[in-house]
Amino acid sequence: MAADRTKFILDEERIPRAWYNIAADLPSPAPPVLHPGTGRPIGPADLAPLFPMELIKQVVSQDREIEIPGPVRDAYRLYRPSPLFRAHRLEKALDTPAHIYYKYEGGSPSGSHKPNTALPQAFYNQQEGVTRLATETGAGQWGSALAFAGAAFGLEVKVFMVRSSYDQKPYRRVLMETYGAEVVASPSPDTAYGRSVLAELPDHTGSLGLAISEAIEDTVTHPGTKYSLGSVFDFVLLHQTVIGLEAIEQMALAGEEPDVLIGCAGGGSNFAGLTFPFLGRGLRGGPKPRIIAVEPEAAPSLTKGVYRYDFGDTARMTPLVKMHTLGHDFIPEPIHAGGLRYHGMSPLVSKLKEEGRIEARAAHQRATFEAGVQFARAEGILPAPEPTHAIKVAIDEALEARAAGQPRVILFNLCGHGHFDLSAYERYLSGALEDYEYPSAKVAEALKALEGLPVG
Ligand SMILES: *Cc1c(COP(=O)(O)O)cnc(C)c1O
């Protein structure tokens, strides 16, 4: 009986044949992306130096379904469909009437959901004659995924890795190098922007915004090179929808409809990947579950940021996008959930939040590790520090259901494993975990940099 099952597994044949494009179902389009120089909406020609044309087309497409190319679907076979689990043991530990499900993306080769977009990005570039990709990575998950995808489709990969992570996570670097990528700490001496930062501050620990600036500079100064990114952009969210499309089928196998969907949100891609296919069903008249994005208190763009135009990077090289932002100069404290340390948020996720179609909550680092350890002891999987944010809220929801004496079906995205994050767990277990509160003064300061930019 479905009620007794722990794993809901789909056959390889059930890997989706198309990604789901939420633009087709949104009642109004997202605000346009603006050129940083002219302030006018950008066109395909502005993006062409950075991305292959197929990806640019996906950003402007209004088609509900965008076909997944055969070679990408074949590479997905290495780890898709990913399993959906019913957390029977966590339910028991919490003594809750709620049913808790999680979609597990940590079984991919690089350990997170990121290959879902790294593989198509590498494929389309290779198809259009690109030989080398440049990118940035914070915690190392994205760099690992793109290095794997580069190996899969025969492309060189250069990764600018935020200095603090480069020093804290040597094994992520070794994984990328094993796949054949070149990795440098950012700020680096390899770009003019990196050299200018190092000249002023030789000990700069780096930031994602700074590493993006370096990767873009590398791209436009190296022939045959294009830029890849692991979050925020619409086509990244599109590729991640394989998660939710599979989950809809798997929940049907379980014979249940989720009442609440939960994902952690850094740039918004794993959250969107799980939730957009469900949101789309709701927009087309189907069931409308509550949907919650969870972010760190230390980088609270959705819960404490402003919704207006900002740059995606520190050097103001990216287009201007309307999003929830803390300001492009904001450098979050070095929380262990490195993938959630970003000043902005996907424009699509931001719009949905602004329209009240999704909720957002912020969680403190200590509470998320507590939830992660409780989850590991019940379910066995050691979560990455990022999805412990989703786990924290899933547990809160289950405890609320218990207090109310009500059933509740909860589904969250377990978007990566934490095997490269053991030093963070060690700090938590030994009582040495850092306490970072909401950085109100720093946010107020960083938001000043938005003066003079279009409001939208
Ligand atoms: C990159 C990453 C994130 C944050 O990025 P999103 O685009 O918000 O998903 C979260 N969790 C893991 C495991 C990651 O690798």
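Atoms within each ligand, like the ligands themselves, are counted from 1 in listed order. This structure is a prediction, so every number in the text was calculated from the model and none was measured.
Contacts between Ala265 and ligand 1 below 4.0 angstrom, taking non-hydrogen atoms only, involve the backbone exclusively. Residue contacts with ligand 1 for Gln240 are absent, since no atom lies close enough (heavy atoms, distance under 4.0 Å).
Nearest-residue assignment for atom 10 (C) of ligand 1 (options Met345, Lys114, Glu386; heavy-atom criterion): Glu386.
Nearest non-hydrogen protein atom to atom 4 (C) of ligand 1 is Gly339 O, 3.2 Å. Closest to atom 8 (O) of ligand 1, if we only count protein heavy atoms, is Gly266 N, 2.7 Å. Protein heavy atom closest to atom 13 (C) of ligand 1, with residue, atom name and distance, is Cys415 SG, 3.7 Å. Among protein heavy atoms, atom 7 (O) of ligand 1 sits closest to Ser231 OG, 2.5 Å.
Each of the following atoms of ligand 1 lies closer than 4.0 Å to a heavy atom of Gln141: 13 (C), 15 (O). Using a 4.0 Å cut-off to heavy atoms of Ser269, the atoms of ligand 1 that qualify are 6 (P), 7 (O), 8 (O), 9 (O). Atoms of ligand 1 found under 4.0 Å from any heavy atom of Gly268 (numbered from 1 in listed order, with element): 6 (P), 7 (O), 8 (O).
In terms of polar-atom proximity, Gly267 is counted as a contact of ligand 1, with an N or O under 3.5 Å from an N or O of the ligand.
The two residues Gly194 and Glu214 have their closest heavy-atom pair at CA-OE2, 3.4 Å.
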Derivation of the side chain to side chain donor-acceptor pair (under 3.5 Å) call for Thr191 and Asp218: CA-CA 7 Å; Thr191 65; Asp218 178 289; over 6 Å; no
Start with the C-alpha gap between Tyr227 and Asn125, add the side-chain angles, then the distance that decides, and say whether side chain to side chain donor-acceptor pair (under 3.5 Å) holds. CA-CA 9 Å; Tyr227 171 66; Asn125 275 290; over 6 Å; no
Using the side chain to side chain donor-acceptor pair (under 3.5 Å) rule, take Trp142 and Thr135 through it: C-alpha gap first, then chi angles, then the decisive distance, then the call. CA-CA 9 Å; Trp142 169 243; Thr135 198; 2.7 Å; yes
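A salt bridge does not link Glu379 with Arg89: none of the charged nitrogens is closer than 4.0 Å to a carboxylate oxygen.
Checked against ring-ring contact (aromatic ring centres under 6.0 Å, His included), His204 has no partners two or more places apart in sequence or in another chain.
Assignment of Glu105 to the shell around ligand 1 is not supported, since no heavy atom sits closer than 4.0 Å.
Side chain of Thr178 to backbone of Val174: a donor-acceptor contact under 3.5 angstrom is found.
Outside the 6.0 Å centre-distance limit, the rings of Phe8 and Phe85 are not counted as a close aromatic pair.
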